[in-house]
Amino acid sequence: MGQSGSSFFDADLLRTDLSVKIALLSYEYPPHTGFGGIGTYTWHHARALAKLGHEVHVIAGATEHADLQSAFSHGVTVWRINGNGPAVRAAHLIGALGLPWTRSRMEIALNARRAVRDLDRRIGFDVIEGPECGADGLFASTVSDAPVIVRLQSPARLIMPYYRVSRADIVACSAIEALGMRRAHHDVSSAFVASEVRRVLGETRPIPVIPNGIDLD
């Protein structure tokens with residue numbers, strides 16, 4: 001996982017005396033798409049980084065078709081997109097093949113690609129983080145020069161066998177996520193997911209562990 005030979009972004013970027021422009025990719029984000037643990041994680045993570053003085057942008061999904069729209073909340077700029085361009089419409093066809101999870105990931109990835117491309121030109125991100133689940137960052141490194149960090153949340157190969165989905169959907173969905181991880185500059189994880197990725201997926205590369213932070217206030 002991660003681009004061969006590439007290095008992790010400089011930890012000094014996150015000093016509280018230096019403001020960094022951070023993009024967090026997460027289709028799930030309260031309140032509109034506030035379902036799932038990734039949305040909860042991103043909500044806490046974004047607010048905490050903003051409190052440290054960083055410029056935080058969340059690129060999230062929308063429940064209805066919408067061009068890129070923004071709102072400011074708790075120090076965080078939240079961008080929502082649910083495009084219906086030719087590439088996204090083509091991704092719809094994957095669902096007709098009986099691959100609903102794979103279709104969903106491609107739609108999320110294509111919308112995130114457009115948002116990252118357009119916003120990076122205007123903002124100039126210093127670092128981009130997204131989950132492997134959902135493949136939000138699949139195309140991020142192709143449209144931005146910023147380091148792309150993948151946070152391991154719930155890889156398809158770990159969770160999809162517990163759902164009533166086809167074997168073909170599991171294989172295709174896992175392949176998309178794996179491509180996103182390979183394109184990223186680095187991956188990080190919580191301790192539990194890191195151990196499961198090593199145990200079940202046989203990953204041998206070191207996975208830096210960054211605990212999931214919770215804003216107790």
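Quick caveat: nothing in here was measured; it's all calculated off a predicted structure. All residue numbers in this chain count up from 1 along the given sequence.
The closest donor-acceptor contact from the side chain of Asp169 to the backbone of Val165 lies at 3.5 Å or more, if one exists at all. Remark: the backbone N or O of Lys21 is not paired with any side-chain donor or acceptor of Glu55 at under 3.5 angstrom. Using modelled atom types, one side-chain atom of Ser174 and one backbone atom of Ile170 make a donor-acceptor pair closer than 3.5 Å. A donor-acceptor pair under 3.5 Å links the side-chain atoms of His185 to the main chain of Val148, judged by distance alone. For the pair Arg105 (side chain) and Ala135 (backbone), a donor-acceptor distance under 3.5 Å is absent. Of the possible donor and acceptor atoms, none in the side chain of Asp136 sits under 3.5 Å from a partner among the backbone N and O of Gly130.
Hydrophobic clustering (side-chain heavy atoms under 4.5 Å, transitive across Ile, Leu, Val, Met, Phe, Trp, Tyr) groups Val56 together with Val78. Taken together through direct or relayed side-chain contacts under 4.5 Å among Ile, Leu, Val, Met, Phe, Trp and Tyr, Val200 and Ile159 form part of one hydrophobic cluster. Using a 4.5 Å cut-off between side-chain heavy atoms of Ile, Leu, Val, Met, Phe, Trp and Tyr, with links allowed through other members, Leu49 and Phe125 fall into different hydrophobic clusters.
Counting heavy atoms from C-beta on, the side chains of Ile207 and Val188 never come closer than 4.5 Å. Residues Asp120 and Val143 form no side-chain contact, since every pair of their non-hydrogen atoms from C-beta on lies 4.5 Å or further apart.
For the pair Ala146 and Ser144, the tightest heavy-atom approach, listed with the atom from each and the gap, is N-OG, 3.1 Å. A pairwise comparison of heavy atoms in His186 and Pro208 identifies NE2-CG, 3.3 Å as the closest pair. Here the closest heavy-atom approach between residue Ala191 and residue Val209 is recorded as N-CG1, 3.6 Å. Nearest approach of Ala91 to Arg103, heavy atoms of both residues: O-CG, 3.0 Å. Smallest separation of non-hydrogen atoms from Ala62 and Arg80: CB-CB, 4.2 Å. Of all heavy-atom pairs between Ala156 and Pro161, the closest is O-CD, 3.7 Å.
Shown here are the side chain to side chain contact (heavy atoms under 4.5 Å, CB included) partners of Thr42, two or more places apart in sequence or in another chain: Leu24, Ser26, Tyr29, Ile38, Val58. Applying the side chain to side chain contact (heavy atoms under 4.5 Å, CB included) rule to Arg164 yields no partners; only residues at least two apart in sequence or on another chain are considered. A search for side chain to side chain contact (heavy atoms under 4.5 Å, CB included) contacts involving Pro155 returns Glu132, Leu158, Glu177, Val193, Val197, Leu201, not counting sequence neighbours.
Note that CD1 of Ile81 and CG of Asn84 are 11.0 Å apart. Values are rounded to the nearest 0.5 Å. Note that CE of Met160 is 7.0 Å distant from OG of Ser166, once rounded to the nearest 0.5 Å. To the nearest 0.5 angstrom, Asp187 atom CG is 11.0 Å from Glu129 atom CD. Considering CG of Leu119 and NE2 of His57, their distance stands at 7.5 Å, rounded to 0.5 Å.
Other cluster members for Ile108: Tyr27, Phe35, joined by side-chain heavy-atom distances under 4.5 Å among Ile, Leu, Val, Met, Phe, Trp and Tyr. Membership of the apolar cluster around Leu179 extends to Val88, Ile94, Leu97, Leu99, Met106, Leu110, Leu138, Phe139, Ile176, as traced through chained side-chain contacts below 4.5 Å between ILVMFWY residues.
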_CA sep, side-chain torsions, deciding dist, call: Asp126, Ile22, side chain to side chain contact (heavy atoms under 4.5 Å, CB included)_ = CA-CA 6 Å; Asp126 294 307; Ile22 303 170; over 6 Å; no

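Side-chain atoms of Arg151 and Ser190 form no donor-acceptor pair, as typed in the model, at a separation below 3.5 Å.
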If you look only at distance, which donor and acceptor atoms sit under 3.5 Å apart when one is on a side chain in residues 63-77 and the other is two or more places apart or in another chain?
unit_1: His65; atom_1: ND1; unit_2: Asn82; atom_2: O; d: 3.4
unit_1: His74; atom_1: ND1; unit_2: Arg47; atom_2: NH1; d: 3.4
unit_1: His74; atom_1: NE2; unit_2: Arg47; atom_2: NH1; d: 3.2

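Heavy-atom contacts from other residues, nucleotides or ligands closer than 6.0 Å to NE2 of His32 number 12 or fewer.
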